[in-house]
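Working notes, structure below.
Every number for a ligand or one of its atoms is a count from 1 in the order of the listing. In what follows, residues are counted from 1 in the order of the sequence shown. Note that the structure is a prediction, hence the values are computed from the model and not measured.
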Amino acid sequence: MSKALALVVVLFFVLFCGKCYGELRVGFYKGKCGLTNVEGVVQNVVETWHFENKEKDIAAALLRMQFHDCFVKGCDASILLDGLTSEKKAVPNSSVRGYGLIDAIKEALEAECQGLVSCADIISMATRDAVVLAGGKWYDVETGRRDGDVSLASNVNLPSATISVSDSIKVFASKNLTQYDMVYLLGGHTVGVARCSLFKDRIYNFNKTGGPDPSMSPWLLAELKDKCPRISLIFDNTYPLDVKTPSLVDNSYFQEIKKGNGVLQIDQQIALDELTKNIVDDTVNDPDFYTKFGEAMVKLGRVEVLIDEQGEVRKSCRVVNKKPFIFGGIN
Ligand code: HEM
């Protein structure tokens, strides 16, 4: 290397090193915790919670948690921070669950290697493990994220169940995700449930017509009428998003939405809209469906991540280390 070139390289690092961050990578924690296998610790706790049934349908809890974390200020575990006005207090997050499981994983990891594993990485690793336990296929998770120190309910701007396909595509595109990724990620609705209040209009008063959404199959309409009465003053019942195998990560969600059995409006619409219909058709016959779902989850895990000194590794996933974080208000 000529002296001039060497000088340029040195100058570049001196001037811009603050912006020279590392990258996410598979196996980031390998060898960083003595003989302890970090991913193994996560997996053990997830398996214990799964088999002891400490949290119902862990895959559903964590898939949704990862989506809601990554779509608000990136995958930085901001959803986990406690506070009177932190993200978890926002209405779209009111039914997000799984926080206790993340605490248990964090505790197990801190006991082995203090201050090493970020809460953001815990969400990604645990979600993958839960997907596998629910019948999905293993995918390698990238790690190396840091945790954020801002969590405000007012930042939560997640898509609603009635968003149009074209608007949803725009939202996903703003997170560097294609419409292809979007369809596969909506496959997360292969597990878990939705509250009747979020799709009741489709049963009784679709688009203010006083009748049901015509795209709904007669079978689903009868089912939903039964489980979600027009007037229910006390209970907001729930109904499975995948009407056939609600506890399994598989592609039956896609098979069902093709039959008019999509519970949320957006679920049904992706099977009908010209922009996404062909992708849904592909998922149904795709022998590589599970691999592609995993790839889409890895892409979700890359959204606006914090690396190195851009973030911190929290001691507790519910509180930031550095600044005085007061009820989600001042950061
Ligand atoms: C346009 C995008 C999306 C919309 C509009 C949407 C909407 C919803 C709604 C309204 C619910 C029911 C919530 C409740 O009853 O309180 C729900 C549940 C759920 N969502 Fe989504 N979602 C989207 C994308 C995703 C993605 C990308 C994933 C994961 C990869 C995901 C995973 C889940 C899961 C697993 C549940 C069930 C949670 C449980 O049973 O606790 N969703 N979603």
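- For atom 36 (C) of ligand 1, the nearest non-hydrogen atom from the set Met65, Arg97, Arg64 comes from Arg64.
- Residue Ala61 places every heavy atom at 4.0 Å or more from ligand 1.
- Interface atoms of ligand 1 facing Leu241, defined by a heavy-atom separation under 4.0 Å, are 18 (C), 19 (C), 36 (C), 37 (C).
- Within ligand 1, the atoms closer than 4.0 Å to a non-hydrogen atom of Leu186 are 2 (C), 3 (C), 23 (C), 24 (C), numbered from 1 in the order shown.
- From the protein, the heavy atom lying nearest to atom 30 (C) of ligand 1 is Leu185 O, 3.3 Å.
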Next on the checklist: If you apply the rule salt bridge (charged side-chain N to carboxylate O under 4.0 Å, His left out), what do you find for Arg302 with Glu142, and how did you get there?
Outcome noted: CA-CA 8 Å; Arg302 288 180 190 151; Glu142 295 171 341; 2.8 Å; yes
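- Below 4.0 Å from some heavy atom of Gly192 lie the following atoms of ligand 1, by number and element: 37 (C), 40 (O).
- Between the side chains of Asp250 and Thr190, at least one donor N or O sits under 3.5 Å from an acceptor N or O.
- Salt-bridge check for Glu295 with Lys292: failed, with every basic side-chain N at 4.0 Å or more from each acidic carboxylate O.
- Of all atoms in ligand 1, numbered sequentially from 1 with element shown, those under 4.0 Å from a heavy atom of Pro159 are 1 (C), 2 (C), 5 (C).
- In terms of protein heavy-atom proximity, atom 32 (C) of ligand 1 is nearest to His189 CD2, 3.6 Å.
- For Asp236 and Ser197, the side-chain atoms include at least one donor-acceptor pair closer than 3.5 Å.
- Aromatic ring centres of Tyr290 and Tyr139: separated by at least 6.0 Å.
- The nearest non-hydrogen atom to atom 40 (O) of ligand 1, considering only Asp236, Val191, Val193, comes from Val193.
- Classification of Lys54 and Glu52 as a salt-bridged pair holds, one side-chain N sitting under 4.0 Å from a carboxylate O.
- Of the N and O atoms on the side chains of Arg202 and Thr162, not one donor lies less than 3.5 Å from an acceptor on the other residue.
- Interface of Gly188 with ligand 1, defined as ligand atoms under 4.0 Å from a residue heavy atom, comprises 35 (C).
- Between Phe71 and Phe172, the distance separating the two ring centers is shorter than 6.0 angstrom.
- The protein atom (non-hydrogen) at minimum distance from atom 24 (C) of ligand 1 is Phe67 CE2, 3.2 Å.
- Ranking protein heavy atoms by distance to atom 12 (C) of ligand 1, first place goes to Ala194 CB, 3.6 Å.
- The shortest N/O to N/O separation between Arg195 and ligand 1 falls below 3.5 Å.
- A salt bridge links Arg97 with Glu55; the closest basic N to acidic carboxylate O contact falls under 4.0 Å.
- Residue, atom and distance of the protein heavy atom nearest to atom 5 (C) of ligand 1 are Ser160 O, 3.2 Å.
- For atom 11 (C) of ligand 1, the closest non-hydrogen atom on the protein side is Leu264 CD1, 4.1 Å.
- Nearest protein heavy-atom neighbour of atom 1 (C) of ligand 1: Ser168 OG, 3.4 Å.
- The residues Arg318 and Asp103 are annotated as salt-bridged, a charged nitrogen and a carboxylate oxygen being separated by less than 4.0 angstrom.
- Among protein heavy atoms, atom 16 (O) of ligand 1 sits closest to Ser95 OG, 2.5 Å.
- In summary, the atoms of ligand 1 found under 4.0 Å from a heavy atom of Leu198, numbered by their order in the structure, are 10 (C), 12 (C), 13 (C), 14 (C), 15 (O), 16 (O).
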Next on the checklist: Applying salt bridge (charged side-chain N to carboxylate O under 4.0 Å, His left out) to Glu39 and Arg128, what does each step give before you reach the verdict?
Outcome noted: CA-CA 10 Å; Glu39 297 206 19; Arg128 183 268 317 278; 2.7 Å; yes
